[in-house]
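Before we start, here is the structure in question, set down as structure tokens.
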Amino acid sequence: MKIITRKLYYLIPLLIFLGLAFFFWRGLGLQPKEVPSALIGKHVPRFILSTVEDENAHFTNKDFMGKVSLLNVWATWCISCRVEHPILMDIARSNIVSVYGLNYKDNRQAAQQWLQRYGNPYSKIAFDGAGRVAIDWGVYGTPETYVIDKKGIIRFKYIGPLTQQVWQEQVLPVVKKWQNS
Amino acid sequence: MIPELGNFALILALCIAIVLAVIPLLGAQTENYRWMSIARPLAYGQLLFIGFSFFCLAYAFVTNDFSVAYVAENSNRHLPAWYRFAAVWGAHEGSMLLWVLILGLWTAAVAKFSRSLPPEVIARVLSVLGMVSVGFLLFTLATSNPFLRLLPNIPHDGQDLNPLLQDPGLVMHPPMLYMGYVGFSVAFAFAIAALISGRLDAAWTRWSRPWTLAAWCFLTLGITLGSWWAYRELGWGGWWFWDPVENASFMPWLVGTALIHCLAVAEKRGALKGWTALLAIFAFSLSLIGTFLVRSGVLTSVHAFAVDPKRGAFILVFLVLVIGASLLLYAWRAASLKSDMHFHLLSRETLLLTNNILLFVAAVTILLGTLYPLIMDALGLGKISVGPPYFNSVFIPLMAPMLFFMGLGPVCRWRQMEGRLLLRRLRFTFLVSLTLGIALPLVVTGGINGMVVLGMCLVFWVALTTLQDAWYRSARRGGMLHGFVHLTRSQYGMIFAHIGVAVCVVGITLSSHYSVERQVKMATGDIVKVGAYRFEFKGVHNIQGPNYRGVAGEFALLRRGREVKSVTAEKRTYNVQQMTMTDAGINAGIFRDLYVSLGEPLGDGSWSVRLYYKPFVRWIWLGGLLMMLGGLCALGDRRYRLAARHEEERLAQLPTQ
């Protein structure tokens, strides 16, 4: 009897590992890089946030109306955001589409310094220090980029850093399509 | 033709690995010596075929054979030859081939250098390594074959290697890291072999100790190189990011560090044997989990490898088989181990075990932080991301007591230490560390910062107790100088490695708290003061590299009005991928780095420029190198060489059957 309880005790590492493996298996099904279907085709969630530049200014879901826009979720502590930053600068310079930012779980001052340092591709940036609004948007991590059409409906979401290839092949066609509709 | 030969060689290697995984183990279980004896030749054969396969892929890269899809995706005619070779492991498929090559190397090395081991032990160890090899070879061939062709439309030129990877760091960092990762498979194989035989005694710890140390040295070097690479290449002076992939290499390192200390306890004192076996399983399991996280795409990371759910599913199945079976075996065997804790509360064993647990808990918290977003998402509890604030706030409180106990450990005796004696030995050292740790930052900077004081007190504590311990040991061996020269290499190893930790903590503490950074607009001739240094902007000129164009900004460093050094910071645009990279200009020094990074042009001939003064940042990597040096020293200890020779002589004297 005693030896059996002892054996059970030594099974703990195995049980913990199997629990972990279960989450890995679920994780494989989740595929964070793929488009979560739930939000596509829906209106952007309602929100009111201040902007990174100005605590008293407002950024709301109404800002997306009337034109096709990109919303890029970023943070100063996110390295991948630094990697994709030059691409966003290029997009902003090309004037094809207006680029908005959602500064996620960050510090206002750090964000301002970051923009000063690397350049600011965004026409307006919502400041979401607590990350509450990001939850409504279904933000998995940073960076993420959404395409929103003229009526304020989310049409596309890309998770992970944008590259020139992703922009040309995946995001730009969506932008063009909704600009022409 | 050559790529097909490579593919064929890889398939043959798989066949050899399957035989290696089965026959010698069966031989060991049934005491069939002929079956056991084929383990060695199979290990060499496997290495030969994997090596040939690797050579074929490298040949395709060097000769620009763009009919091979992997080459076309990761190379280019204008890529310098050096990087064309390193590009072999520049993406997923090739790095898997590098992985199996290194596994083949370790397997062959075990076969070669373990002649003195009993035949059934070596047969079991090589079989376990063979099983791991079967898994990875199958994975490479089935889901990530680097030899697939692009026919009939052969591209004229390749898509070039990711510019982030075009750095000397790429040439060195992945092979070293993999040597470490995969090296833990040897410790794992020894532990599993011991568990299979049911003889979990001090012998297996003695056999596996040098292998574990060697793997740990490589991993230490790999992580150090990776940190240095990130510092140079990402252009903002950071050296650690708590990225999932970095964590994937750091967790096995923490557990591996616990393991090498535990092996010492198990070998010298016969204690903690079950825990040691479990750590050996964990160290390798974390390496495998790291691979899964990086390659399956369940987490997003800067080290984004080509992601394919099929690959993730394959590794997950492999993971469950390997780790699940090992832990089941552990549960079955370790339960029958007799408890053998013959030490008192205050003893070196207790301190080592405490730090073991701290290191292990640190690894677990990092694992938790890395997986937390995944777990929350899988449970449908919302999507969350975990950043550096979490890791810093859980890691530092664990490391501070660890550093404190690290100072106590070597001075403490095995089995039992009298509290009063320990107090008498260390009270002076304690006071000196406390005084220096508070006084030095106060005198130099004129201010007090809690974290700096804590860090520096611990640094002095670790360094001084290590030196004090070296002094005691030298005194016991016939006086200061004479004794010091005659310390064993293991003792040198410990001294170097522990001083290395202190050096590393100096670097981390001072560079994170006293760095100065300025973001300025500079026109030609402008002078900007950063800390005690002045930077003069000498202007930019165009540059043309083999596969990139760009501008280089020249800066002069002035001290007392005279130019002492010049630094060049570049901004490159790579032709094929149209990616802009900053190549920071760094003036490195032992006590400070001056770091210049060129930003955007601001129109009127002026540029946005970032200037950094980073005190003691090199000490972080210097500390890493010292730790590795310590490991190498311990590896060269006389005991291993003597033990090997004795056993060989003993075997030679046995009557041959």
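What you see is a predicted model; the values in this text were computed from it and never measured.
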Original post:
Any chance the side chains of A:Asp149 and A:Gln179 put a donor and an acceptor closer than 3.5 Å?
Top reply: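 No donor-acceptor contact under 3.5 Å links the two side chains.
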
Subject >> Polar contact flag, side-chain donor to acceptor under 3.5 angstrom, A:Asn72-A:Tyr100 >> reply: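 A:Tyr100 and A:Asn72 do not have a side-chain donor-acceptor pair below 3.5 Å.
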
**OP:** Verify whether one side chain among B:Asn392 and B:Trp242 offers a donor that lies under 3.5 Å from an acceptor in the other.
**Re:**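 On atom types as modelled, these side chains qualify, holding a pair under 3.5 Å.
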
Original post:
Is the A:Tyr158 ring parallel, tilted or perpendicular to the A:Phe156 ring (thresholds 30°, 60°)?
Top reply: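 Ring orientation, 0 to 90° scale: parallel.
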
Original post:
Tell me, side chain or backbone of B:Ile281 under 4.5 Å from chain A's heavy atoms, or both, or neither?
Top reply: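 Contact with chain A involves no heavy atom of B:Ile281 at all.
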
**OP:** Examine whether an atom of B:Leu319 lies under 4.5 Å from a heavy atom of chain A, and if so say whether it belongs to the side chain, the backbone or both; otherwise answer neither.
**Re:**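 It is both, since atoms from each part get that close.
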
**OP:** Please state whether the side chain, the backbone, both or neither of A:Leu15 comes within less than 4.5 Å of a heavy atom of chain B.
**Re:**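 The answer is neither part of A:Leu15.
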
